[in-house]
Each structure stands twice: as structure tokens, then as C-alpha cells.
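See below for the structure under consideration.
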Number of protein chains: 2
Amino acid sequence: MTRSEENYLKAIFHLGGSATASVATNAIAEEMETKPSSVTDMAKKLAEKGLVNYVKYQGVSLTEVGIQTALAIIRKHRLWEVFLVKKLDFSWDEVHEVAEQLEHIKSEKLIDKIDELLDYPKYDPHGDPIPTKNGEFQERDKQLLSELPIKSKGICVGVNDTSSTFLRFLDKHKIALGDAIEVVEKEDFDDSLFIKIGDRNLHISNQIATNLFVKKDG
Amino acid sequence: MTRSEENYLKAIFHLGGSATASVATNAIAEEMETKPSSVTDMAKKLAEKGLVNYVKYQGVSLTEVGIQTALAIIRKHRLWEVFLVKKLDFSWDEVHEVAEQLEHIKSEKLIDKIDELLDYPKYDPHGDPIPTKNGEFQERDKQLLSELPIKSKGICVGVNDTSSTFLRFLDKHKIALGDAIEVVEKEDFDDSLFIKIGDRNLHISNQIATNLFVKKDG
DNA sequence: ACAAATTTTTAGATTTGTCTAAATTTAAAT
DNA sequence: ATTTAAATTTAGACAAATCTAAAAATTTGT
């Protein structure tokens with residue numbers, strides 16, 4: 001498995017390319033910041049290796065083996081992110097770039113030991129679930145903060161946008177995973193939200209509310 | 001800097017290619033398990049970048065920049081080895097392969113944090129010195145066990161051969177870095193040694209004695 | 001010092017992953 | 001149902017890193 005092949009599998013997975021749903025060449029090219037013709041080449045190569053299903057002009061989908069391979073890479077990426085934050089005091093907006101490199105280190109023992117050192121975390125610093133060694137992973141019960149009805153309460157469990165600008169925005173306004181959030185009022189005009197977080201009242205834009213995941217109370 | 005370029009610099013450094021001494025094409029090829037013609041190609045490329053001095057048919061030597069770059073890679077390699085042993089319970093014969101991958105991770109912050117986490121170790125698990133962030137490193141005061149005179153005592157401070165077969169041999173016979181060793185007698189016939197280590201008496205071959213470094217007492 | 005052996009370099013080919021530009025297929029629109 | 005637009009693939013090229021085989025330079029041995 002080359003690094004490039006691994007990155008393609010990861011991209012296809014993130015675009016929802018399960019065994020059933022297939023992903024367009026252009027979409028993969030955009031996700032990977034490469035050209036569609038390069039994607040076509042790689043699609044053939046991965047199909048050759050039995051990692052994807054590829055039919056000309058019909059897009060790409062992952063095979064069962066492809067899914068498991070993608071999950072193994074995502075597992076490594078997310079475990080390294082936890083490691084960087086918990087053990088090396090990286091902030092959550094700094095980890096992605098380094099984890100992109102670390103995820104390609106080939107050593108089963110290494111990642112299992114890191115998992116153990118971290119006491120088998122279930123979620124990464126952005127709230128995304130970490131697949132198990134067997135490739136199982138369950139999407140968390142969550143919804144966008146923007147979808148929460150007025151007066152209801154929730155716990156902040158994840159972010160949709162993981163860009164460092166957004167993450168630093170959250171840090172600045174002291175919004176962190178695990179915080180209790182109550183929707184006080186919605187502004188119809190611009191879909192902004194008045195929320196209560198801890199004992200503070202905040203007014204946040206719709207763009208913020210559509211990038212924060214919460215788990216509804218009760 | 002590509003991974004391949006980094007590996008060449010490391011190899012040249014290990015072969016003693018300082019600013020003054022130059023290293024033969026064939027020697028580099030052998031060290032890297034590649035062909036001399038490949039070395040010539042890379043020598044040109046590295047010279048182009050100002051990392052080595054290269055004169056046709058005269059071998060390769062590192063420039064000051066090349067030396068500092070090599071030291072940075074060696075620093076990363078050895079720090080990762082310490083991390084694997086101290087934090088993840090790898091044995092010293094398992095770390096090399098993984099460290100060969102980890103040494104190429106590009107993040108100054110990462111390696112500085114690892115250094116901090118390990119409390120700034122001076123030596124790696126095989127007793128080799130770890131260069132500082134500024135590229136300084138002092139070779140330890142050491143000699144081969146085989147060179148120690150009869151009746152003298154020393155502390156085991158390093159290994160010459162780092163192959164896993166040799167390291168596992170040492171584990172099996174409970175010889176570890178830090179152990180006190182006394183040379184009781186030498187056998188002229190085969191240059192084997194009778195040594196006292198702790199309260200045990202051992203008879204070791206010359207091949208073992210020429211691969212163990214000790215620091216002489218007093 | 002000169003032939004032989006060794007080392008090193010060159011020339012040309014290969015693989016991987018990428019690109020551009022042109023051709024083809026599929027999808028959309030009138 | 002055509003035409004137009006968009007997406008996708010092909011063909012050919014390129015850079016990086018490697019290889020083989022042959023040529024050139026250096027070193028060694030007598």
C-alpha cells in the first residue's frame with residue numbers, strides 16, 4: 001500500500017463511498033486537490049487491487065476490503081490526534097496536519113500501544129468516533145446545534161468544520177466539547193441563535209450553529 | 001526534502017562523511033542497499049541543493065548544512081526510539097524499523113514535545129548519543145569491551161551491532177546497558193573473555209566483546 | 001610504467017504518480 | 001430529439017527515484 005493509495009481510500013470513504021454508494025471522479029479530485037484524470041488512473045489501480053469497484057463513467061465505490069483499509073487509516077489518524085492533544089499538549093486546531101503524516105506509519109504494534117497508552121479512547125479531539133481494531137465504529141447520536149428546538153438543551157459533542165479558524169473561534173469564545181448548551185431563542189431574520197453555555201449568554205450566527213454537533217438531552 | 005534525500009544524508013553521515021572526510025559511491029550504495037549508479041544520481045542532486053560536496057570520481061562529503069540536516073534526522077530517530085521503549089514498552093530490538101519511519105515526520109513542535117515528554121534523554125536505547133536541537137552531540141567516552149585490560153572494570157554503555165539477533169542474545173544472557181562488567185581473564189587462543197557481570201560469571205566470544213561498548217571505571 | 005582490476009559515471013529504460021490537452025461519454029436543456 | 005454543457009477518460013508527457021549495461025576514470029599489481 002503506497003501513501004497515495006491510502007489517501008485515495010480515505011478520501012473516497014469520507015465522501016461516503018461505501019460498498020453501495022459510489023462517488024464521482026470529480027468529487028474525489030476536488031477533495032484531494034488533484035485532477036480528475038489522476039483520479040481515473042488511481043481508480044483503475046485500486047480496482048486492480050480489489051480495493052474499489054470501478055466502472056467507467058460510473059464513479060468509484062469501496063469494496064469490503066477497501067472499507068476496512070480506510071477504517072484502519074482513519075483509526076490511526078484519530079488515535080494520533082488524541083495522542084497529540086492528551087500527551088503532548090497540542091491544541092485541537094494543530095493536530096490534523098501532523099496526524100496526516102503519522103497515519104501512514106506502518107506498525108500494528110505501534111498503533112495498538114498508542115491505543116493502550118490513551119486508554120482506548122472512543123472519540124478524537126473533534127468528537128469523531130475512532131474505529132476499533134476490528135474496523136467497527138458507530139456514528140454517535142448527534143445533531144447540528146442549528147436543528148435543536150428552542151428551549152431544549154444539549155451537550156456539545158463534535159464539530160462539522162475542523163478548520164483551524166473555526167476551532168480557534170470556539171477556543172476564543174470558550175466553547176468546548178462536553179459543554180452544556182441551551183437554545184434560548186432563534187432569530188428568524190438570519191437564523192442566528194441566542195444560546196446559554198454554562199452561565200454565559202452568547203449570540204451565534206447560523207454558520208456557527210451548523211458546524212457544531214450536540215447530543216440532545218433526555 | 002524528500003524521504004530518499006534524508007536517507008542518503010543519514011547514510012553518508014553514518015559512514016563518517018563529515019565536512020572533511022569523503023565517502024565512496026560504492027560504500028554508500030552498500031549501506032543503502034542500492035546501486036552505485038543511483039548514488040551518483042543522488043549525489044548530483046544533493047550537491048545541487050548545497051547539502052553535499054561532490055566531485056566526480058572523488059566521493060561525497062557533507063556540507064555544514066548537510067551535517068546539520070543529518071543530525072536533525074538522527075535526533076528524531078533516536079528520540080523516537082527512546083519513546084517506543086520508555087512509553088510504549090517496545091524492546092530495544094524492535095524499535096529500529098519503526099523509528100526509520102517516524103524519523104521522517106515533519107513537525108518541529110512534535111519532536112520537541114516528544115523530547116520534553118521523555119525529559120530530554122541524552123542517549124538512545126542502544127547507548128548512542130542524541131544530538132541536541134542545535135545539532136550538538138558529544139560522542140561518549142567509551143571503548144570496546146574487547147579492548148579492556150584484564151582485571152579492569154567498566155560499565156556497559158552501548159552496542160556496536162544493533163541487529164535484533166545480537167540484542168536478543170544480550171537480553172537472553174541478561175546483559176543490559178548500565179551493568180557493571182569486570183574482565184576476569186582473556187583466552188589467547190580465540191580472544192574470548194571470561195567476565196563477571198553482577199554476581200554471574202560468563203564466558204563470551206570475541207565477537208560479542210567487539211560489539212559491546214563499556215566506559216572504563218576510574 | 002603499463003596492463004588488469006576495480007570503481008564510478010553515463011546513457012537509456014522503468015515505475016509511480018502526476019499533469020495537460022484532446023476525445024469521448026453522459027447528463028441537461030430547450 | 002437534438003443540441004449544448006458537464007463530467008470523464010484517453011493519450012502522451014514529465015519528474016523522481018531507481019535499475020541495467022556499457023563506457024570512462026581511477027587504482028592496483030607487477
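The basis for the numbers below is simple: all heavy atoms, side chains too, and nothing from hydrogens, waters or symmetry mates. Since the model is a prediction, treat every value here as computed from it, not as a measurement. Just so it is clear: chains get the letters A, B, ... in the order the sequence lines come, proteins before strands, and each one is counted from 1.
Spacing between atom CD1 of A:I28 and atom P of C:dT18 amounts to 13 Å, rounded to whole angstrom units. Atom CG in A:D41 sits about 11 Å away from atom P in D:dA11, given to the nearest Å. Look at CD on A:E6: it is 16 Å from P on C:dT16, rounded to the nearest Å. The interatomic distance linking A:R3 (CZ) with D:dA16 (C1') rounds to 15 Å, in whole Å. When rounded to the nearest whole Å, the span between CE of B:M42 and C1' of D:dA16 equals 8 Å. Between the NZ atom of B:K44 and the C1' atom of C:dA11 there is a distance of 10 Å, rounded to whole Å. One atom, OH of B:Y57, and another, P of D:dT26, lie 7 Å apart when rounded to the nearest Å. If you take CD of B:E5 and P of D:dT18, they are 10 Å apart, rounded to a whole angstrom.
Along DNA chain C, the nucleotide nearest to A:M32 and the one nearest to B:T40 differ in position, and the one closer to the 5' end is contacted by B:T40.
Salt-bridge annotation for A:K216 and A:E147: absent, with no side-chain N of the basic residue lying under 4.0 Å from a carboxylate O of the acidic one.
In this model, the phosphate group of C:dT9 is approached by a side-chain N or O of B:T25 to a distance below 4.0 Å at OP1 or OP2. Between A:S38 and C:dC19 there is a side-chain N or O to OP1 or OP2 distance below 4.0 Å. Between B:Y8 and D:dT18, a side-chain N or O to OP1/OP2 separation shorter than 4.0 Å is present. Taking side-chain N and O atoms only, A:K56 has a distance below 4.0 Å to OP1 or OP2 of D:dT10. Here B:K35 does not reach the OP1 or OP2 of C:dT8: none of its side-chain N or O atoms lies under 4.0 Å away. At C:dT8, one or more side-chain N or O atoms of B:N26 fall inside 4.0 Å of OP1 or OP2 (strictly under the cut-off).
The backbone N or O of A:H104 lies less than 3.5 Å from a partner atom in the side chain of A:K106, making a donor-acceptor pair. No donor-acceptor pair under 3.5 Å is formed between the side chain of A:K215 and the backbone N or O of A:G158.
Taking CD of A:Q68 as the reference point, atom CZ of A:F13 lies at 9.0 Å (rounded to 0.5 Å).
Using a 4.0 Å heavy-atom distance criterion, A:S4 is classed as a sugar-phosphate-only contact.
For a distance-only test at 3.5 Å, the side chain of A:S37 qualifies as a donor-acceptor partner of the base of C:dT20.
The side chain of A:Y54 has D:dT9 as its nearest neighbour among C:dC19, D:dT9, C:dT9.
There is no side-chain donor-acceptor pair under 3.5 Å between B:T2 and B:S4.
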